[in-house]
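Let me begin by presenting the structure, written as structure tokens, before commenting on it.
Values reported hereafter were calculated over all heavy atoms of this structure, with side chains retained and with hydrogens, waters and symmetry mates removed. Below, chain A is the first sequence line, B the second, and so on; all start at residue 1. Note that this is a predicted model, so its numbers are computed, not measured.
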Number of protein chains: 2
Amino acid sequence: MAKTIEQIANDLGLSITTVRLVLNGKAEQYRISVKTQEKISAYVEEYGYIVNHTARSLKLNKTETFGLVIPRLSNPFFSALAELMEIRCREAGYQLMICCTYGDPKYENKLVKSLEERNVDGIFVVSVDAKSQAHHIKHRNKPLVFLDRDFGVKGASCVITDNCESGYQLTSAMLNKVQQPIHFFVGDGGLPTIADRLSGYVRAMTTIGLQEDSAHTSYADHNRTQDGELMMERFIAQHQQYPLNFIASSLPILEGGLSVLRERYGHIPAQINIGTFDEHVMLSFLGNNIWSMRQDEKTLVEQAFLLMSRKVTGHKATERFVAKAELICRLGFDI
Amino acid sequence: MAKTIEQIANDLGLSITTVRLVLNGKAEQYRISVKTQEKISAYVEEYGYIVNHTARSLKLNKTETFGLVIPRLSNPFFSALAELMEIRCREAGYQLMICCTYGDPKYENKLVKSLEERNVDGIFVVSVDAKSQAHHIKHRNKPLVFLDRDFGVKGASCVITDNCESGYQLTSAMLNKVQQPIHFFVGDGGLPTIADRLSGYVRAMTTIGLQEDSAHTSYADHNRTQDGELMMERFIAQHQQYPLNFIASSLPILEGGLSVLRERYGHIPAQINIGTFDEHVMLSFLGNNIWSMRQDEKTLVEQAFLLMSRKVTGHKATERFVAKAELICRLGFDI
DNA sequence: TTGTAAGCGTTATCAA
DNA sequence: TTGATAACGCTTACAA
């Protein structure tokens with residue numbers, strides 16, 4: 001089974017070209033005799049034929065494959081991104097290769113290099129840090145499009161969300177309702193996404209006359225559940241009370257924070273007003289008032305794909321695209 | 001940039017073989033002169049060298065790539081599976097190609113075929129139905145390992161969870177506490193996973209003397225959020241009351257059911273006792289008593305990978321592996 | 001309408 | 001120690 005064109009040609013006493021033309025649907029165009037066509041299709045019916053995409057790629061120097069490098073699939077934002085990207089690529093006849101870095105720059109470099117070795121036609125990357133981003137640009141010869149995080153590296157084509165505006169909008173909406181200072185739990189502040197969200201928050205706080213105040217922000221080094229736990233525990237230790245109004249810089253931070261509340265108090269106090277980035281259906285499991293910013297993943301993916309298409313067809317320009325996020329309110333409780 | 005072995009050989013006045021041996025780390029073995037080695041590494045330092053994996057694959061007839069075909073990445077169970085599988089494959093030097101079928105058997109066939117065309121070394125499939133599974137076995141020539149769903153197709157190597165036992169355990173644990181009949185919301189009952197969970201539930205109910213009773217089960221055709229919504233709406237319409245104790249056959253069904261409750265009542269009544277399959281951290285966002293069955297994804301992945309490894313190295317045997325699930329209780333309320 | 005030959009970049013084999 | 005050459009299966013260009 002799994003015959004090659006040559007085998008078919010030999011078995012049928014035809015030439016490789018004839019078989020190939022028929023197999024590639026060019027029979028009419030080259031007016032291959034109907035008899036020959038039938039012979040070939042009968043043979044294929046019997047034994048099957050599978051294109052050898054590897055050989056094709058080698059000859060044509062393209063694999064019809066894109067790479068997607070993300071931190072992790074278990075983060076629902078990234079899995080949504082990956083899913084949409086996979087759909088978009090397939091629509092255009094591309095396969096997508098998804099790889100995870102788990103936040104390790106070493107891994108990221110290895111993966112991006114390995115994708116280039118596999119001769120993918122282009123690589124989408126959610127980079128871990130500025131240095132890695134710069135490294136890829138310098139050492140890779142494949143079209144690169146960076147997603148979600150813009151470290152301001154020169155020559156990087158980025159497609160991101162306006163996290164600054166996003167943070168401002170979220171904070172303003174909450175302030176509008178609660179009329180009190182809001183605490184901000186900051187995961188990895190080194191990430192441009194998080195830093196921007198924070199700056200938007202600060203702007204909104206100062207706009208309504210609330211001093212930017214270190215009492216209103218907690219910091220952690222990373223962006224994981226355990227960092228959220230840590231910050232919530234520190235807050236409670238310091239204030240002898242849980243925060244009445246707070247924003248988490250990302251979903252993992254929120255998860256961590258809430259799990260501490262649940263352990264401490266047996267439940268999540270319903271009067272807490274919660275703001276968060278990265279929307280998720282299960283947020284509605286909470287009984288609290290929830291404000292969340294949903295990123296426009298569809299637009300991000302579409303724009304990144306367009307940018308990539310342009311790069312694949314030879315465009316050199318560095319381009320950036322900034323998408324808007326959308327505020328989702330789940331309000332049930334009066335304040 | 002991105003020189004080929006031949007170019008390096010020409011530029012340096014060496015033969016292809018010499019360059020290749022050095023590049024592949026066989027310099028010592030073939031006792032290539034140090035001077036030659038240095039020349040080559042200096043050159044590579046300067047210009048870089050990227051293996052052409054495509055050419056290598058063509059020659060060796062293996063791609064060091066596995067395919068993983070799943071319904072969708074946005075289902076957290078599958079994204080967890082995909083993530084673990086990606087890690088496991090990478091450990092062993094394989095790349096993983098993840099593709100989603102969105103539950104469409106046509107898509108599934110196309111994808112599996114396309115993976116074979118790309119000459120992956122083996123394919124993991126979470127199949128949509130028995131027919132597709134049988135089709136792959138008949139028409140594909142690559143090692144196949146089926147995950148999560150065992151349709152009982154002859155010749156299928158499957159790695160699954162014991163959903164029957166899982167359903168029994170979950171139901172028993174809940175019954176033990178609530179001492180009342182429990183309602184079961186069944187998503188796509190045609191899936192072996194769901195059918196098994198249901199049969200475990202029925203066994204547990206009858207064991208303690210509760211008649212199997214159609215009043216205690218709701219059915220839908222699919223396994224999506226909207227099916228959960230539908231069933232919950234029908235329940236409420238029929239009973240003029242929400243279910244006090246219920247089990248959802250999967251996470252999407254649970255999400256749908258709860259969203260209806262939230263809309264109807266403004267919140268999710270905390271006294272409802274909830275059982276569900278497919279564990280998720282955000283379940284602890286709920287204020288309710290929650291019983292959930294966590295599948296042992298790690299073991300599933302490990303066993304599937306081992307099975308695949310054996311197949312890749314020529315073993316023909318059809319093997320099955322059944323993993324145990326683990327009960328997770330989140331109890332806060334007395335009953 | 002069909003056939004032939006070169007080449008994609010690697011690896012394997014045999015020779016020197 | 002190094003070099004030459006034939007594959008792998010496909011596409012392209014040109015010839016018949």
A/Tyr43 meets the ring pair (Phe, Tyr, Trp, His ring centres under 6.0 Å) criterion, sequence neighbours left out, with A/Tyr47
Per the under-4.0 Å heavy-atom filter, residues of residues 33-42 of chain A near DNA chain C come out as A/Ser33, A/Thr36
Taken in chain and number order and not counting sequence neighbours, the residues that satisfy ring pair (Phe, Tyr, Trp, His ring centres under 6.0 Å) with A/Phe321 are none
The side-chain contact (heavy atoms from CB on, under 4.5 Å) partners of B/Arg90 (sequence neighbours excluded) come to A/Cys99, A/Tyr102, A/Tyr107, A/Leu111, B/Glu86
For B/Glu91, the salt bridge (Lys or Arg N to Asp or Glu O under 4.0 Å) test, sequence neighbours excluded, returns B/Arg88
Strictly under 3.5 Å: I want the nitrogen or oxygen pairs between protein and nucleotides 11-13 of chain C, one per line.
from   : atom 1 : to      : atom 2 : distance (Å)
C/dT11 : OP1    : B/Arg56 : NE     : 3.0
C/dA12 : N7     : B/Arg20 : NH2    : 3.3

Whole-Å distance, A/Glu6 CD to D/dT11 C1', equals 14 Å
**Request:** Would you indicate, yes or no, if C/dG3 has its OP1 or OP2 atom less than 4.0 angstrom from a side-chain nitrogen or oxygen of A/Thr18?
**Result:** yes
Categorize A/Leu58 for me: base, sugar-phosphate, or nothing, with a 4.0 angstrom heavy-atom threshold over every strand shown. base
Applying side-chain hydrogen bond (donor to acceptor under 3.5 Å, both in side chains) to A/Thr101 and not counting sequence neighbours gives none
Checking B/Glu108, B/Glu116, B/Lys113 against B/His136 for side-chain hydrogen bond (donor to acceptor under 3.5 Å, both in side chains), the one that qualifies is B/Glu108
Residues pairing under salt bridge (charged side-chain N to carboxylate O under 4.0 Å, His left out) where one sits in residues 119-136 of chain B, two or more places apart or in two chains, turn out to be none
| Going by distance alone, is a donor N or O of one side chain under 3.5 Å from an acceptor N or O of the other, for B/Ser74 and A/Glu83? | yes
Here the distance between atom P of C/dG9 and atom CG of B/Leu23, to the nearest Å, is 15 Å
Would you say A/Thr4 places a side-chain N or O within less than 4.0 Å of OP1 or OP2 belonging to D/dG9?
no
When rounded to whole Å, the CG to C1' distance for the pair A/Leu12 and C/dG3 reads 15 Å
The answer to which of B/Ala55 and B/Gly13 contacts DNA chain D further toward the 5' end, by nearest nucleotide, is B/Gly13
Q.
Would the distance check show the side chain of B/Lys298 and the main-chain N or O of B/Leu84 forming a donor-acceptor pair, the cut-off being under 3.5 Å?
A. no
Dump the pairs, protein N or O against N or O of nucleotides 14-16 of chain C, anything under 3.5 Å, distances to one decimal.
none

Between B/Val153 and B/Asp150, the two heavy atoms sitting closest are N-OD1, 4.4 Å
To the nearest angstrom, the CG-C1' distance between B/Leu21 and D/dT2 comes to 9 Å
B/Leu306 meets the side-chain contact (heavy atoms from CB on, under 4.5 Å) criterion, sequence neighbours left out, with B/Glu302, B/Gln303, B/Arg310
When rounded to whole Å, the CG to C1' distance for the pair A/Leu14 and C/dT4 reads 15 Å
Open item on the list: Assess whether a salt bridge exists between A/Arg56 and A/Glu64, defined as any Lys/Arg side-chain N lying under 4.0 Å from an Asp/Glu carboxylate O.
Closed with: yes
Atom NZ of B/Lys62 and atom P of D/dG9 are separated, to the nearest Å, by 16 Å
Residues in residues 109-119 of chain A with a heavy atom under 4.0 Å of DNA chain C, by number, are none
B/Asn10 atom CG is separated from C/dG9 atom C1', nearest whole Å, by 13 Å
For A/Tyr94, the ring pair (Phe, Tyr, Trp, His ring centres under 6.0 Å) test, sequence neighbours excluded, returns A/Phe66
Rounded to whole Å, the CD-P distance (B/Glu28 to D/dT2) equals 12 Å
**Modelled atom types, side-chain donor and acceptor of B/Asn119 and B/Lys142, under 3.5 Å** = yes
